Structure formats: C-alpha cells, structure tokens
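The analysis underlying the following values was restricted to heavy atoms, covering all of them including side chains, and did not include hydrogens, waters or symmetry mates. What you see is a predicted model; the values in this text were computed from it and never measured.
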Amino acid sequence: QARLVESGGVLVQAGGSLRLSCADSGGTFSRRAMGWFRRAPGKEREFVATIAWNDDTTYYLDSVKGRFAISRDNGKNTVYLQMDSLKPDDAAVYYCAAGFRDVRYRFGEFPHREDEYDYWGQGTQVTVSS
C-alpha cells in the first residue's frame, strides 16, 4: 500500500459539498505539516491548503478561502479537506502531501511549494458538474 492514500473524490454538482480524506501509514504523521494540492487537466499542480503539525495554523489558496477547510486527526493519522460551495473550477485531481519531519516555519510563512513536501499520495478525482 502507498504511504499516503486519498479517498472521497466523486462527481458532485456545483454548489455541493465533499470531504476528502488522506491516511498516512507511516509513523511520523504527528510531526509533519500536511498539505493539499490539485491538478486540473492541462494545468500545473497548485497549492490548495496546509495545516501545521505543531499548532492549528492553516493557510489556503485565495480562491478557496471561506469554502474549504483543512483539518487533521493525529489519533487516526488522517488529514481532511472539507470542500463546500464547489465550483466547476474546483474540478481536479486532489493530492495530499506530507511535509518534512519536524520542520517549523516562521510566523507568517507556510509550505506552499511542491519541494517543501516529503512524499505524496496518488490523488483522487473530484468532478464538479454545472
């Protein structure tokens, strides 16, 4: 099995809601920042959201602020992405990613680049119909 496994991606109508999950089978989940990225057909993969490991700090892509919420459950080694008010532009393959172990960021900084993450899931497809 893969280190990170995403689930929850399905077809949903515009305006609907969906929650993605990503389970980490490794033993260091609680010491890593977790992130979500997405890639639409013909486009580059882009940062969506991240949550710190040492506190509850979160950061989001501007276009999803107020609609998406990232959270984590260290007891289940799982990170979630709650997506509300979905738009056709949100359709993409969504990937979860684990940051490098024990890394802490200065206030106001956060991991938003692909090279700031250690390993990745294989992705889950989210399709939004209009």
Side-chain angles (χ1 to χ4, degrees):
Q1 294 185 342
R3 182 84 174 269
L4 294 174
V5 180
E6 303 98 333
S7 63
V10 297
L11 171 66
V12 62
Q13 290 186 326
S17 297
L18 198 62
R19 189 177 77 160
L20 305 182
S21 300
C22 176
D24 189 346
S25 63
T28 58
F29 177 86
S30 66
R31 307 291 291 185
R32 299 177 183 270
M34 299 298 297
W36 287 95
F37 289 71
R38 67 187 183 186
R39 186 182 185 94
K43 298 182 179 179
E44 296 292 316
R45 187 156 59 183
E46 66 177 349
F47 167 81
V48 176
T50 188
I51 184 167
W53 62 268
N54 55 311
D55 57 26
D56 60 355
T57 301
T58 59
Y59 294 94
Y60 297 92
L61 175 69
D62 284 344
S63 64
V64 308
K65 288 180 179 178
R67 299 189 298 119
F68 289 12
I70 187 172
S71 61
R72 64 190 297 157
D73 186 336
N74 288 342
K76 297 181 179 179
N77 295 324
T78 300
V79 62
Y80 304 95
L81 185 67
Q82 177 67 43
M83 303 183 293
D84 297 326
S85 301
L86 281 162
K87 304 175 180 179
D89 286 348
D90 295 320
V93 176
Y94 282 72
Y95 301 86
C96 67
F100 290 93
R101 182 163 53 89
D102 292 334
V103 173
R104 290 179 286 185
Y105 291 84
R106 294 190 298 270
F107 182 80
E109 296 186 350
F110 61 97
H112 64 282
R113 301 189 306 271
E114 293 186 18
D115 63 5
E116 295 179 294
Y117 290 86
D118 195 4
Y119 51 90
W120 298 73
Q122 293 183 328
T124 186
Q125 177 73 55
V126 173
T127 304
V128 184
S129 63
S130 60

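- Phe47 pairs with exactly one of Tyr60, Tyr95, Phe110 by the ring pair (Phe, Tyr, Trp, His ring centres under 6.0 Å) rule, that one being Phe110.
- Side chains of Arg45 and Arg38 form no contact here, defined as non-hydrogen atoms less than 4.5 Å apart.
- In this structure, the side chains of Glu116 and Phe100 stay at 4.5 Å or more apart for every pair of heavy atoms.
- Electrostatic pairing of Asp89 and Lys87 does not count as a salt bridge here, judged by no charged N lying under 4.0 Å from a carboxylate O.
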Practice problem: Check the pair Asp118 / Arg32 against side chain to side chain contact (heavy atoms under 4.5 Å, CB included), numbers first and verdict last. | Solution: CA-CA 9 Å; Asp118 195 4; Arg32 299 177 183 270; 2.9 Å; yes
Distance-only donor-acceptor pairs under 3.5 Å for side chains of residues 9-21, two or more places apart:
{"residue": "Ser17", "atom": "OG", "partner": "Asp84", "partner atom": "OD1", "Å": "2.8"}

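- Cation-pi geometry between Arg3 and Trp120 is not met: the NZ or CZ atom fails to fall both under 6.0 Å from the ring centre and inside 45° of the normal.
- For Trp53 (side chain) and Gly99 (main-chain N/O), no donor-acceptor pair under 3.5 Å exists by modelled atom type.
- Across Ala40 and Ala91, no two heavy atoms sit closer than the pair CB-O, 3.8 Å.
- Contact annotation: the side chain of Glu6 never approaches that of Leu81 to less than 4.5 Å [non-hydrogen atoms, C-beta and beyond].
- Residue Asn54 holds its CG atom at 11.0 Å from OG of Ser30, rounded to the nearest 0.5 Å.
- Side-chain atoms of Tyr80 and Ile51, non-hydrogen and from C-beta on, never get closer than 4.5 Å to each other.
- Between the CZ atom of Arg104 and the OG1 atom of Thr57 there is a distance of 12.5 Å, given to the nearest 0.5 Å.
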Exercise. Decide yes or no on side chain to side chain contact (heavy atoms under 4.5 Å, CB included) for Asp90 and Phe68, but give the supporting numbers first.
Key: CA-CA 11 Å; Asp90 295 320; Phe68 289 12; 3.9 Å; yes
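- In this structure, the side chain of Thr78 engages the main chain of Lys76 through a donor-acceptor pair within 3.5 Å.
- Of all heavy-atom pairs spanning Ile70 and Met34, the tightest one is CD1-O, 3.9 Å.
- A donor-acceptor contact under 3.5 angstrom links the side chains of Asp24 and Tyr119, judged on distance only.
- Geometric assessment of Arg72 against the ring of Phe29 yields a positive cation-pi assignment under the 6.0 Å and 45° thresholds.
- Residues satisfying the side chain to side chain contact (heavy atoms under 4.5 Å, CB included) test with Glu44, not counting sequence neighbours, are Arg39.
- Proximity of Gln122 to Leu4: side-chain heavy atoms (C-beta onward) are nowhere separated by under 4.5 Å.
- A 4.5 Å side-chain heavy-atom check between Met83 and Val64 finds every atom pair outside the cut-off.
- The main-chain N or O of Asp102 is never found under 3.5 Å from a side-chain atom of Arg31 such that the two would form a donor-acceptor pair.
- Salt-bridge formation is detected for the pair Lys65/Asp62: a Lys NZ or Arg NE/NH1/NH2 atom is positioned less than 4.0 Å from an Asp or Glu carboxylate oxygen.
- A donor-acceptor contact under 3.5 angstrom links the side chains of Tyr117 and Thr50, judged on distance only.
- Atom CZ of Phe37 sits about 10.5 Å away from atom CG of Leu61, to the nearest 0.5 Å.
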